[in-house]
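To keep things clear, I will list the structure first and then write my remarks on it.
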Amino acid sequence: MTTIKLDADFYQQDALVVAQKLIGKLLVRRLQGTEVICKIVETEAYIGPEDKGCHAYQNKRTKRTEAMFTSGGHAYIYVIYGMYYCFNVVASVKDKPEAVLIRAVEPIAGIDIIRENRAIKSMKIAALTNGPGKLCQALNIDKKLNGYNLISEDELYLTGDNTDQDYQLVATKRINIDYAEDYKDKPWRFYHQGNPFVSKL
DNA sequence: CCTGCGATCGTCT
DNA sequence: GACGATCGCAGGA
């Protein structure tokens, strides 16, 4: 298939724009000599200094958040609950910490490899990739890829090839950020309506 | 279908 | 020393 990588112009927009445009785009991960491909069906935007739900609230700059301050088009990957990883796409320009959390994807190609990576009893296919920690496990995404360049490298990247344009985009509040006070109810979570791989309705 | 709970540890204070 | 942008399983309806 033709692979048209998303470029710097795409990533260096506001996280709110990137988060919405990423729905329906393809996430490509090179594993075992083949390309495992998933369609993005759910995202959340986190917006730098103003957002109390963002790790980089008030431009907080630590070893963990450093990747958020790179230019749009890099990966921001962190450990959550001591056991799982979350994969974000950095948006906006250098030194403006904005990112889009990829919360759920739908497997398109290479599902056998995804199954290998996800040892669970459940027979439900949706359980393979319907959550941020799950999709990282499914695609073997971990901290080694923190700061990875999604524009110029080939192990992990995104493409604009859409398998279908025919979906409704829904905006709701973000998941599990009850501590974020007046920012916890901002409608900055986006998903492909009705897609069975979305983590929560 | 839904709710509750324990696991587990890197990161920051 | 405390917490968290989560997950899988058990148990009940």
Side-chain angles (χ1 to χ4, degrees), chain A residues 14-16 18-20 22-23 27 38 40-70 72 74-92 96-107 114-148 150 170-192 194-201:
Chain A
D14 293 344
L16 273 174
V18 175
Q20 294 174 71
L22 278 179
I23 303 295
L27 176 62
C38 293
I40 295 171
V41 300
E42 179 180 354
T43 62
E44 282 179 0
Y46 288 84
I47 305 179
E50 64 169 271
D51 181 2
K52 291 175 186 166
C54 181
H55 293 156
Y57 175 52
Q58 292 181 327
N59 281 316
K60 186 161 124 180
R61 201 157 183 156
T62 66
K63 194 176 175 192
R64 178 177 66 160
T65 64
E66 196 59 33
M68 285 191 76
F69 290 83
T70 62
H74 291 82
Y76 169 46
I77 297 164
Y78 62 90
V79 183
I80 186 66
Y81 297 106
M83 328 162 65
Y84 301 104
Y85 298 101
C86 285
F87 169 54
N88 295 249
V89 172
V90 176
S92 191
K96 277 187 76 179
E98 302 193 7
V100 177
L101 171 67
I102 308 301
R103 282 196 57 88
V105 299
E106 172 180 347
I114 288 175
R115 283 187 194 281
E116 268 177 49
N117 290 336
R118 296 270 302 142
I120 51 171
K121 290 182 184 174
S122 172
M123 284 280 95
K124 295 185 64 174
I125 297 173
L128 291 172
T129 54
N130 64 345
K134 298 178 190 180
L135 71 90
C136 282
Q137 203 173 66
L139 298 176
N140 203 17
I141 294 172
D142 63 23
K143 267 195 66 181
K144 290 194 295 291
L145 291 167
N146 188 36
Y148 194 79
L150 304 169
V170 185
T172 66
K173 62 193 235 181
R174 295 171 291 176
I175 306 286
N176 284 346
I177 52 160
D178 288 346
Y179 54 84
E181 301 175 21
D182 47 321
Y183 278 80
K184 76 180 174 64
D185 292 325
K186 297 281 185 190
W188 292 351
R189 169 177 176 248
F190 305 96
Y191 64 86
H192 176 166
N195 187 289
F197 291 86
V198 171
S199 66
K200 278 189 190 177
L201 298 178

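All values reported here derive from a predicted model rather than from experimental measurement. By convention in this document, chain letters (A, B, ...) are assigned in the order of the sequence lines, proteins followed by strands, and residues within each chain are numbered from 1.
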note = If pairing means Watson-Crick or G-U wobble with both distances under 3.5 Å, then the partner of C:dA5 is none
ask   = Does B:dT8 have a Watson-Crick or wobble mate here (both distances under 3.5 Å), and if so which one?
value = none
query = So, is the end of the A:K60 side chain (NZ or CZ) under 6.0 Å from the ring centre of A:Y57 and within 45° of the ring's axis?
reply = no
inquiry  = Using a strict threshold of under 4.0 Å (side-chain N to carboxylate O), is an ion pair present between A:D185 and A:K173?
reply    =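 Between A:D185 and A:K173 there is a salt bridge, with a charged N closer than 4.0 Å to a carboxylate O.
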query = Does a side-chain N-to-carboxylate-O contact under 4.0 Å join A:R174 and A:E44?
reply = no
query = Does a nitrogen or oxygen in the side chain of A:N176 sit under 4.0 Å from OP1 or OP2 of C:dA5?
reply =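 False: A:N176 side-chain N/O out of range (4.0 Å or more) of C:dA5 OP1/OP2.
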inquiry  = Just N and O in the side chain of A:R118: are any of them under 4.0 Å from OP1 or OP2 of C:dG8?
reply    = yes
Specify the separation, in whole Å, of atom [atom1] of [X] and atom [atom2] of [N].
X      : N     : atom1 : atom2 : value
A:Y183 : C:dA5 : OH    : C1'   : 17 Å
A:L135 : C:dA5 : CG    : C1'   : 12 Å
A:M83  : C:dA5 : CE    : P     : 15 Å
A:L101 : C:dG4 : CG    : P     : 16 Å
A:Q137 : C:dG8 : CD    : C1'   : 10 Å
A:L128 : C:dT6 : CG    : C1'   : 16 Å
A:E42  : C:dA5 : CD    : C1'   : 11 Å
A:I141 : C:dA5 : CD1   : P     : 18 Å

query = Hey, mind stepping through A:Y191 and A:T172 against side chain to side chain contact (heavy atoms under 4.5 Å, CB included) and telling me if it holds?
reply = CA-CA 8 Å; A:Y191 64 86; A:T172 66; 3.9 Å; yes
Stacking of A:Y46 on C:dA5 base (centres under 5.5 Å, planes under 30°) = yes
key: Range on DNA chain B touched by chain A, heavy atoms, distance below 4.0 Å   =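 Answer, 5' to 3': B:dC1 to B:dT13.
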Please work out if [X] contacts a base, only the sugar-phosphate, or nothing of the nucleic acid, heavy-atom cut-off 4.0 Å.
X      : value
A:G82  : base
A:R174 : nothing
A:K124 : sugar-phosphate
A:I120 : sugar-phosphate
A:K200 : nothing
A:G131 : sugar-phosphate

Nearest-nucleotide comparison on DNA chain B, the residue closer to the 5′ end among A:K143 and A:Y84 =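 It is A:Y84, whose closest nucleotide lies nearer the 5' terminus.
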task = Measure across A:I40 and A:L27 and return the closest heavy-atom pair with its distance rounded to 0.1 Å.
result =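 Closest heavy-atom pair between A:I40 and A:L27: CG1-CB, 4.3 Å.
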Smallest separation among heavy atoms of A:V18 and A:A91, with atom names =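 Answer, listing the atom of A:V18 first, then A:A91: CG2-CB, 4.0 Å.
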request  = Report yes if some heavy atom in the side chain of A:Y76 is under 4.5 Å from a heavy atom in the side chain of A:T65; otherwise report no.
outcome  = yes
key: Minimum side-chain heavy-atom gap A:N88-A:I77 below 4.5 Å   =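 Side chain of A:N88 against side chain of A:I77, heavy atoms only: no contact under 4.5 Å found.
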